[in-house]
Amino acid sequence: LSDDASLIAATLAGDTAAFGRLVGLYQDRLYNSLLRVLGSAEDARDVTQDAFVQAFVKLRSFRGSSAFYTWLYRIAFNLAMSHTRRSHKMASLEGVKSSWGTEPMDGQPSPDAQYLRHEQVELVHAGLAALSMEYRQILVLREIDGCRYEEIAEILDLPIGTVRSRLFRARLQLRDYLAPRFHVEKIVDTR
Amino acid sequence: MSDFRPHPERGDELLSAYLDDDLSPEERVAVEARLAEDAQAREMLHQLRAVSQAVQGLPQEIVGHDLGESVLQRV
């Protein structure tokens, strides 16, 4: 059994501390994604917690046909969508600026972060915030979480063809936002 | 060879999927043939890659404390 499967089995057998360890395994990854989707550190923390609570309540319905994090992300991204609809808030830079400079995690997809100037980071984050929620979600899942199209399709409940076309349009919109403000070549040259 | 580009946007969608290595073998062959002969396609791929790398370059943020306890208090 994988670590996830063992912890899920232990939780279902009544060992709630095992679920606490599952939270520890995934909280930072999920929080980072939700931060880019919601634009606010406070909202991202709230939705991360809510997602784990809902995952605990629904854990018996997890069949193990997909990875635990895929299932968790599906819960979390649905909550993020509801949260945005409820609060009618546009993503803001405020909560993110205050948390910049926190320690980078190991094993993440890109080593660029430490080399990008803050103004570049701010610009990219502002570009994400200017997109629709649908475009932000799909870009975050692909570029930040490194999900494959099949996983994105499962998390967002979309056909694969829609994942492909939506991701392309999201990239185009972000390019159109960034291009007049910052030459995209410079972003590549920071690697 | 079959045509995977019924209209320009569809062709550029394939460039985006090529970037993600998420194409069928036939689509990959068609995209690589297009890239070999079409400078605009190469430029589009370059731009899509730059945007992708820009988002990947955002710093990783962490919660800063263990959420496990507060989650377990709520369940």
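Letters go in sequence order (proteins before strands), and every chain restarts at 1.
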Worked verdict on B:Val71 versus A:Phe19 for side chain to side chain contact (heavy atoms under 4.5 Å, CB included): CA-CA 9 Å; B:Val71 168; A:Phe19 192 77; 4.1 Å; yes

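- To the nearest 0.5 Å, atom CD of residue B:Gln47 and atom CG of residue A:Asp176 are 8.5 Å apart.
- Using a 4.5 Å cut-off between heavy atoms, B:Leu19 contacts chain A through its side chain alone, with no backbone atom that close.
- When heavy atoms are compared at a cutoff of 4.5 Å, A:Phe56 approaches chain B solely by way of its side chain, counted from C-beta outward.
- Proximity of B:Met44 to A:Leu172: side-chain heavy atoms (C-beta onward) are separated by under 4.5 Å at one or more points.
- Ranked by non-hydrogen atom pairs under 4.5 Å with chain B, the options A:Asp50, A:Thr48, A:Leu22, A:Val57 are led by A:Asp50.
- Taking CG of B:Asp12 as the start and CZ of A:Phe168 as the end, the distance is 4.5 Å to the nearest 0.5 Å.
- There is a side-chain donor-acceptor pair under 3.5 Å between A:Glu143 and B:Ser52.
- In this structure, A:Gln27 contributes its side chain and B:His65 its backbone to a donor-acceptor pair below 3.5 Å.
- Here the side chain of A:Asp28 pairs no donor or acceptor atom with the backbone of B:Ile62 at under 3.5 angstrom.
- Pairing each heavy atom of A:Val124 with each of B:Ala54, the nearest pair is CG1-O, 3.7 Å.
- Heavy atoms closer than 4.5 Å to chain B are found nowhere in A:Arg21, neither backbone nor side chain.
- Here the CD atom belonging to B:Gln56 is positioned 7.5 Å from the CZ atom belonging to A:Arg142, to the nearest 0.5 angstrom.
- Listed for the A:Arg164 side chain is a donor-acceptor partner under 3.5 Å among the backbone atoms of B:Asp22.
- Annotation: the span from B:Leu67 atom CG to A:Tyr26 atom OH amounts to 15.5 Å, rounded to 0.5 Å.
- For B:Leu72, the part lying near chain A is the side chain, with the backbone staying farther off; criterion is any non-hydrogen pair under 4.5 Å.
- Here the straight-line distance linking atom CD of B:Gln60 with atom OH of A:Tyr31 works out to 12.0 Å at 0.5 Å rounding.
- Distance CZ/A:Arg36 to CG/B:Leu58: 4.5 Å, rounded to 0.5 Å.
- Between B:Glu61 and A:Asn32, the shortest heavy-atom distance links the atoms N-OD1, 2.8 Å.
- Contact annotation: the side chain of A:Leu174 approaches that of B:Val55 to within less than 4.5 Å [non-hydrogen atoms, C-beta and beyond].
- When atom types are taken as modelled, the side chain of A:Arg171 and the backbone of B:Ser16 share a donor-acceptor pair closer than 3.5 angstrom.
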